[in-house]
Protein chains: 2
Amino acid sequence: MASEMISHVGIAVADLDTAMARYVMLTGDDAPFIVEVPDQKVKVAIFSGGKVGAGHGGGRIELVAATSDDSPIAKYLAKRGEGLHHICIYVDDIERKLDELRAAGARLIDETPRIGAEGHRIAFVHPAGSHGVLLELEERG
Amino acid sequence: MASEMISHVGIAVADLDTAMARYVMLTGDDAPFIVEVPDQKVKVAIFSGGKVGAGHGGGRIELVAATSDDSPIAKYLAKRGEGLHHICIYVDDIERKLDELRAAGARLIDETPRIGAEGHRIAFVHPAGSHGVLLELEERG
């Protein structure tokens, strides 16, 4: 087994334009892909290191800003401020992984998979189940 | 430009063995590479998705535990608890990147590069300079 593990890292930011300018400088990727996810009330700038489009290739850095005061990201920012929000890792069989975690007593946010913004099946593990990390599981597409 | 951006994500954990068991399950990588870094007073479990050895290939998940009460990780855990600690991204020319960041007014932890645990040149950017994220820059080796 030697496959990519990290789909992306999500960073909660207050102002998308300001944060984008800094991460263009940091990553050297000057063409982030921008997508709005009305369902989650967020706007996301996706740095993929030059891979075109959202969701194409792992290891992405995603800046996530709220588009509304009742967005989960707005609540997160109010409580914790800007910073690392979650990591998303790939799994081969998401239902089986959720079963394994449940059997091990890990607390889940999503008991069953749902469809993420990029069309893949995803589920969130509660930080209590992954040592303080809000963890998203994404089924390899 | 289309190159890997994320070297690794560092997660601060209280007990390495317990956390390793959970991340073996989460990542499907059942052979993490374990390394002690006396300099930083930490022990690290490196999940690379099957790539052999430390530092071989990016996109790694690294669990970091303190080996002493005065380790920076012990202090972090006491203050914030377990969770996402830092991300490390690759840069081509670390001195030039530090110059760029300084010129943009970003706060740095390391004003000049130092040698990291894996022999590469690294430097930390203060969270105030990267929207709340403790960010490590690593020069491509």
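Numbered from 1 within each chain, the chains take letters A, B, ... in sequence-line order. Because only heavy atoms are used, hydrogens play no part in the values below, and waters and symmetry mates are left out as well, while side chains stay in.
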Would you kindly confirm whether B:V35 and B:V64 end up in one hydrophobic cluster when ILVMFWY residues are joined by side chain heavy atoms under 4.5 Å apart? yes
Minimum heavy-atom separation for B:M5 to A:G59, with atom names? CE-O, 3.7 Å
Are B:I6 and B:F33 joined in one hydrophobic group, where the rule is that I, L, V, M, F, W and Y side chains link up if heavy atoms are under 4.5 Å apart? no
Value for CD1 (A:I61) from CD1 (B:I89), rounded to nearest 0.5 Å, stands at 5.0 Å
Looking at every heavy atom in both A:G28 and B:K97, which two are closest together, and how far apart are they? N-NZ, 4.2 Å
Under 4.5 Å, counting heavy-atom pairs only, tell me which of A:G81, A:P127, A:G129 racks up the most with chain B. A:G129
Indicate yes or no: at least one non-hydrogen side-chain atom of A:L84 is less than 4.5 angstrom from one of B:L134. no
I need the residue from A:A12, A:A14, A:S130 with the largest number of non-hydrogen atom pairs under 4.5 Å to chain B. A:S130
Do A:F47 and A:L16 land in one hydrophobic cluster if side-chain heavy atoms of ILVMFWY residues count as linked below 4.5 Å? yes
Most heavy-atom pairs under 4.5 angstrom with chain A, which of B:L63, B:D92, B:V13, B:L101? B:L101
Can you say whether A:A106 sits under 4.5 Å from chain B via the side chain, the backbone, both, or neither, judging by heavy atoms? both
For A:D69, is the CG atom crowded, meaning more than 12 foreign heavy atoms sit under 6.0 Å from it? no
Do the side chains of A:L135 and A:L108 join up, straight or via other hydrophobic residues, at under 4.5 Å, putting them in one cluster? yes
State, yes or no, whether a side-chain contact exists between A:L26 and B:V91 at a heavy-atom distance under 4.5 Å. no
Would A:I34 and A:V37 show up in the same hydrophobic cluster when neighbours are defined by side-chain heavy atoms closer than 4.5 Å? no
Are there more than 12 heavy atoms of other residues, nucleotides or ligands under 6.0 Å from atom CZ of A:R140? yes
Would you call A:Y23 and B:V133 a side-chain contact if the rule is heavy atoms closer than 4.5 Å? yes
May I ask you to decide if B:H131's main-chain N or O and A:R22's side chain share a donor-acceptor pair within less than 3.5 Å? no
A:R102 atom CZ, neighbour heavy-atom count above 12 within 6.0 Å: yes
May I ask you to check whether over 12 heavy atoms, not counting those of B:R107, lie within 6.0 Å of atom CZ? no
Is a side-chain N or O of A:Y90 found less than 3.5 angstrom from the main chain of B:T27, in a donor-acceptor match? no
Given side chains that start at C-beta, do those of B:I11 and A:I87 come closer than 4.5 Å, heavy atoms only? yes
